[in-house]
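What follows is a single structure, written as structure tokens, with notes after it.
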Amino acid sequence: MGIQIKSRQNEEHYLDISDTDYKKRVARNFGKAARTYDSAARLQKRVAARARMLLPAGIMPDYVLDLGCGTGYETAFLNARYPDASIIGLDLSMGMIDFANSCHSQGHQWCAGDMENLPFASDSFDLIYSSLAIQWCDSERVFDEIHRVLKPGGSFVFSSLGAGTMEELHSAWQQVDRGEHTNRFSSYSEQKRVVEQSALQVNSFCRQAETLHYPSLKTLFRELKALGVNTVNSASKGLMTPGKLKTLETAYEHFRETLGLPLTYQVIYGQMQK
Ligand SMILES: C[S@@+](CC[C@H](N)C(=O)[O-])C[C@H]1O[C@@H](n2cnc3c(N)ncnc32)[C@H](O)[C@@H]1O
């Protein structure tokens, strides 16, 4: 018997009215970047390679879910790793789901949906995986939903981002104005508290910083845009004037290292079990 998925036509169908502009912005930003995402996703691929190491050894899952699957390259990896399993990739962004479906039509099912309100029956999955997606969500709601749809004994493996991510960019912007120009994520200790208070058993929870380098601010912004990681915390970003750009560049230059302008991500990894 397969997994039953409620069908979705567009984001309006699975986002509550209360869910807001925030989720619509997340879905829209990532959807717009679907075609450019994979070629810019060097940090995301590095993180996913580490998250894969947390997959429990020796399991033979029947049903696997990739939460916040984006363009689907990790869903395709899960399909290759567990060839006998039914694999579902779920994402909030219809643009991402359409793109994933066009790239990887064989062997997966794709589902547009919200991981805070999963369209699956309880006790459905043996394994749930999520790389760099739950940081966009209310993690308490996500852990409740994961606990509900995992089978007893099933595992959840994830990577996420914590406070301090893109600190260099945030701090350079502070020299320009007081606007919200970078996405802010909750702290490692707050995320630890949430996982420990969830109904899931925590087998592993750790963090590791990753730094990328860029020759210039222009190349850094180009990559963030290609990834769809535009600011979603606030709707009003304000116009970038030549004067603001100059101040920002000067402020960022203070961080320059031998390899270039650094951009640091505080990555959190976990493995949990029902
Ligand atoms: C940085 S991308 C990561 C994609 C992929 N997992 C990877 O490793 O490259 C984050 C993805 O999470 C999705 N996302 C954000 N909030 C979500 C939610 N509430 N439910 C489902 N997907 C969500 C976004 O649409 C986006 O495709």
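Counting starts at 1 for both ligands and their atoms, following the listed order. Residue numbers start at 1 and run along the sequence shown.
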Numbered in order shown, the ligand 1 atoms found under 4.0 Å of a heavy atom of Asp114 are 18 (C), 19 (N), 20 (N)
Do NZ/NE/NH1/NH2 and the carboxylate oxygens of Asp123 and Lys151 come within less than 4.0 Å?
no
When only distance counts, is Met115 in polar contact with ligand 1, meaning an N/O pair under 3.5 Å?
yes
Can Glu116 be said to touch ligand 1, with heavy atoms closer than 4.0 Å?
no
Which ligand 1 atoms, with their elements, are less than 4.0 angstrom from a heavy-atom of Tyr37?
1 (C), 2 (S), 3 (C), 4 (C), 7 (C), 9 (O)
So the atoms of ligand 1 within less than 4.0 Å of a heavy atom of Gly70 turn out to be 4 (C), 27 (O)
State whether the shortest distance between N or O atoms of Gln135 and N or O atoms of ligand 1 falls below 3.5 angstrom.
no
In the protein, which heavy atom is nearest to atom 13 (C) of ligand 1, and how far is it?
Asp91 OD2, 3.4 Å
Should the proximity of Cys137 to ligand 1, defined as any heavy atom under 4.0 Å, be assigned to the side chain, the backbone, both, or neither?
side chain
Heavy-atom count around Arg35 CZ within 6.0 Å, excluding the residue itself: above 12?
no
Charged N to carboxylate O under 4.0 angstrom, Lys23 versus Glu116?
yes
Under 3.5 Å between some N or O of ligand 1 and some N or O of Tyr73?
yes
Please confirm whether Glu74 comes within less than 3.5 Å of ligand 1 when only nitrogen or oxygen atoms on both sides are compared.
no
Looking at ligand 1, is there an atom of it that comes within less than 4.0 Å of some heavy atom belonging to Ala41?
no
Consider only side-chain N and O atoms of Thr250 and Thr247, and report whether a donor and an acceptor are under 3.5 Å apart.
no
Which bit of Ala27 is near ligand 1, meaning a heavy atom under 4.0 Å away: side chain, backbone, both or neither?
neither
Which protein heavy atom lies closest to atom 12 (O) of ligand 1, and at what distance to 0.1 Å?
Ala133 CB, 3.4 Å
Donor-acceptor side-chain pairing of Tyr188 and Gln266 below 3.5 angstrom:
no
is_close_aromatic(Trp136, Phe185), centroid dist under 6.0 Å
yes
Are Phe158 and Tyr269 an aromatic pair, judged by ring center distance below 6.0 Å?
no
Before accepting this row, confirm whether a basic side-chain N of the pair Arg193/Glu140 lies closer than 4.0 Å to the acidic partner's carboxylate O.
yes
As a test of understanding, state which of Arg52, Arg81, Lys45 forms a salt bridge (Lys or Arg N to Asp or Glu O under 4.0 Å) with Glu74.
Arg52
Check contact between Gly113 and ligand 1, using heavy atoms of the residue and a distance below 4.0 angstrom.
yes
Pair Thr264, Glu210: side-chain N/O donor-acceptor within cut-off below 3.5 Å
no
Residue, atom name and distance, where the atom is the protein heavy atom closest to atom 10 (C) of ligand 1
Leu132 O, 3.4 Å
Could you tell me whether Asp66 and ligand 1 have an N or O pair separated by under 3.5 Å?
no
Identify the closest protein heavy atom to atom 23 (C) of ligand 1: which residue and atom is it, and at what distance?
Leu92 CB, 3.5 Å
Would you call Lys192 and Glu196 a salt bridge, using N to O less than 4.0 angstrom?
yes
Under 4.0 Å from a heavy atom of Ser93: give me the atoms of ligand 1 that qualify, with their elements.
25 (O)
In the protein, which heavy atom is nearest to atom 4 (C) of ligand 1, and how far is it?
Gly68 O, 3.4 Å
